[in-house]
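Scroll down for the structure; my scribbles are underneath it.
Every chain is numbered from 1, with letters handed out A, B, ... down the list of sequences.
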Amino acid sequence: MNNVDIAHAFEEMADLLELHGENAFRVRAYRQGAKAIADLALPVAEILRDPNQDLTSFPGIGSTLAEKSRTLVETGSLPQLEKLRTETPPVLMQMTRIPGLGVKKAVVLQKELSIQSLEDLRLACQEQRVRVLKGFAAKTEQLILDGLAIAESASQRIRLDQADRLVQRLREHLEVVEEIERLEFAGSYRRGKETVGDIDILVVSENHTTVMDRLGCFPGLQSVIVRGETKMSIRVDDQFQVDLRIVPGQSFGAALQYFTGSKDHNVAVRSRARKMGFTINEYGAAKLDKPDTYVAGRTEEELYALLGLQWIAPEFREGRHELQWAEMPNSAPQVIDVNDIVCDLHMHTTQSDGNHSLEQMAAAAQQRGLKHIAITDHSKRVSMARGLDEARLLAQWAEIDRFNAQQPGEFRVLKGVECDVLEAGPLDIADEVLAQADWVIASVHYGQKQSREQITERIVGALRNPHVDIIAHPTGRLIGSRPPYEVDLAAVFEAAVEYKKALELNSSPMRLDLSEVNLMAACAAGIPIAINTDAHSIDGLDAMHYGVLQARRAGIEKGQVINTWPLSRLLSWLQHA
DNA sequence: GCCGTTTTCGGCCCGACTGTTTTCAGTCG
């Protein structure tokens, strides 16, 4: 069992204990334990084996969870979990996914009406058998019926780039309201998560009615979920939820901090405040003995400063190490910043499936402040994209040589290729040609349904080839539309370390591959990371910030990112093979 | 179940809104 499996088991324990009405703090302990395990840089099995290491030294893992981890590693299952599974009707978990239906109500409904499936629940509502139960009435019955439809039709989360577009629409729609003094978007969108479950809008305004009325006529509005004094929630587009909160100006920082989250970060912040004699809510911070007098909250900086902390960038707020970093900023890691990026090492031109020429891509890269780029068109196996064979590749590289010779300044284009790893294992381009490239990316595009062993061996085999420098989008996932292919990433990491190769963090918001957790593991293993846009057009180069955001969320240090290296360092690193 | 700058027991972040009641529990973020 790997760390992800163990984390899943604890997560499921938490869900099931919650359904059984177990102590909420015990439930939370399992959730935090799951998160702690998922964040570990080393495999749990290895930590348990090592007499010099102690699993309970990691925050959130005590003696009980450490022992259960051992059981999971050694036996592959957990008796308590198996028992809970058999005691819990599967429909309960499904029911709690209906908006407005929580654990308590779901349990009552399931028991009283012997619900076995969501279809049973729908029938019970239609036959008005719900409204006669104590604590239920006609409105709840309707809420469940509506919720069933939403649960079935809702596209749960949207990608960050889709969220960007929705935020833009909302901003433009709301900005015309003159009474709005401040407008900010918070939540997981502000934290830059790869997918976003809802949009949180924070507004400072005296005139709540005008603001809410304006949101109520947003084009794309489907329904208003709630509307109170300070809070309004709506559904837009494909049932996607948007929350609005209106706060007074002196509370803006506290509210922004609170609604940006994450939940874990807020719990950590508020616990710290409590220990220091303060209490924090979305209106500000106050002394515990004078809870009505706010002493901070106009800005986020003020709030963090009160707790002896430097301001924390939203993308770090996941309840990991960010409070320690903010406490002693000098000892915090030098996390990658978008301004550190000097190159982009994966992009396409009209030679394969790109929209712009070498000259156009180079000019656009220079405009974006890049010092060097690699042109990496597809190899011939990707026939759909007019992939290049050996002859066309050599011709393209000759053209790149001529281009570089004409460059007045320092800007350089590296001769590269995105070479397919064929289904049977070998590379799509002959070794003697690859040997003439500056930069060789190996990618899996075909045969993604192969077995774990086959795909892993293809990738490890590519890493073994002395001409290959990096594996692109190492798991092949497309967020929300295609799961990662079966690959033993631990084996890939091991091979990357052994052959001194790099791995890609593909910046396309549809890929963001490696994912945050995998990125942390790759970096813990010391593998250099290249953050690349995989641009197929000039606009595609702008995706760089998505990749950097993802790397920041994973806490990747500047020095480990190839794109921060000067060309000389990159070239000397490439000599390794 | 975890954890310790009043601690190895007794806490554990905090508030808005709704529905069902008649003062509050449940849900959500």
Glycosidic class, syn or anti, of B/dT21 using a 90° window around 0: anti
Distance-only donor-acceptor pairs under 3.5 Å for side chains of residues 41-59 of chain A, two or more places apart:
residue	atom	partner	partner atom	Å
A/D50	OD1	A/N52	N	2.8
A/D54	OD1	A/T56	N	3.0
A/D54	OD1	A/T56	OG1	2.9
A/D54	OD2	A/T56	OG1	2.8
A/S57	OG	A/D54	O	2.6

Gap in Å between the two [atom1] atoms, one belonging to [N] and one to [M], rounded:
N      : M      : atom1 : value
B/dT8  : B/dC14 : C1'   : 28 Å
B/dT20 : B/dC13 : C1'   : 27 Å
B/dT6  : B/dG11 : P     : 16 Å
B/dT5  : B/dC12 : P     : 16 Å
B/dC17 : B/dT21 : P     : 22 Å

First of A/S63 and A/L288 reached from the 5' end of DNA chain B, by closest nucleotide: A/S63
5' priority, DNA chain B, between A/M212 and A/Q241 [closest heavy atom]: A/M212
Backbone of A/R298 reached by a side-chain donor or acceptor of A/E302 within 3.5 Å: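 Yes: the side chain of A/E302 pairs with the backbone of A/R298.
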Under 3.5 Å: donor-acceptor pair, side chain of A/D198, backbone of A/Q241: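 No; zero donor-acceptor contacts below 3.5 Å.
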Contacts of A/Y283 that satisfy ring pair (Phe, Tyr, Trp, His ring centres under 6.0 Å) - sequence neighbours left out: none
Ring pair (Phe, Tyr, Trp, His ring centres under 6.0 Å) against A/H321, all qualifying residues, sequence neighbours excluded: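 Expected list: none.
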Residues A/E322 and A/R317 bridged, charged N to O under 4.0 Å: no
Under-4.0 Å salt bridge between A/E516 and A/R553: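 Salt bridge: yes.
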Test salt bridge (charged side-chain N to carboxylate O under 4.0 Å, His left out) applied to A/E141 and A/R122, A/R131, A/R129, the passing residue: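 The passing option is A/R131.
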For DNA chain B, which residues of [range] approach it to below 4.0 angstrom with any heavy atom?
range                       : result
residues 126-142 of chain A : A/G135, A/F136, A/A137, A/K139, A/T140
residues 265-280 of chain A : A/V267, A/R270, A/S271, A/R274, A/T279, A/I280
residues 246-261 of chain A : A/Y258

Between A/D164 and A/Y546, a side-chain donor and acceptor under 3.5 Å: yes
Any pair counted as ring pair (Phe, Tyr, Trp, His ring centres under 6.0 Å), so long as it reaches residues 156-187 of chain A, sequence neighbours left out: A/H173-A/F218
First-last contacting nucleotides on DNA chain B - partner chain A, under 4.0 angstrom, heavy atom: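 Range of nucleotides touched by chain A: B/dG1 to B/dG29.
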Need one value for [X]: base, sugar-phosphate or nothing, where a base atom within 4.0 Å counts as base even if backbone is also close, heavy atoms only.
X      : result
A/V103 : sugar-phosphate
A/L143 : nothing
A/E229 : sugar-phosphate
A/L17  : nothing
A/G187 : nothing

Pairwise side chain to side chain donor-acceptor pair (under 3.5 Å) hits with a residue in residues 69-80 of chain A, at least two apart: none
Determine all donor-acceptor pairs shorter than 3.5 Å in which one atom belongs to a side chain in residues 270-278 of chain A; sequence neighbours excluded.
residue	atom	partner	partner atom	Å
A/R270	NE	A/I280	O	3.4
A/S271	OG	A/V267	O	2.8
A/R272	NE	A/L307	O	2.9
A/R272	NH1	A/E327	OE2	3.1
A/R272	NH2	A/L307	O	3.0
A/R272	NH2	A/E327	OE2	3.2

Side chain to side chain contact (heavy atoms under 4.5 Å, CB included) partners for A/E18, two or more places apart: A/V27, A/R31, A/V103
Counterpart base for B/dC9, defined by Watson-Crick or G-U wobble contacts under 3.5 Å: B/dG4
Donor-acceptor contacts under 3.5 Å from residues 93-101 of chain A side chains, at least two apart:
residue	atom	partner	partner atom	Å
A/T96	OG1	A/M93	O	2.7

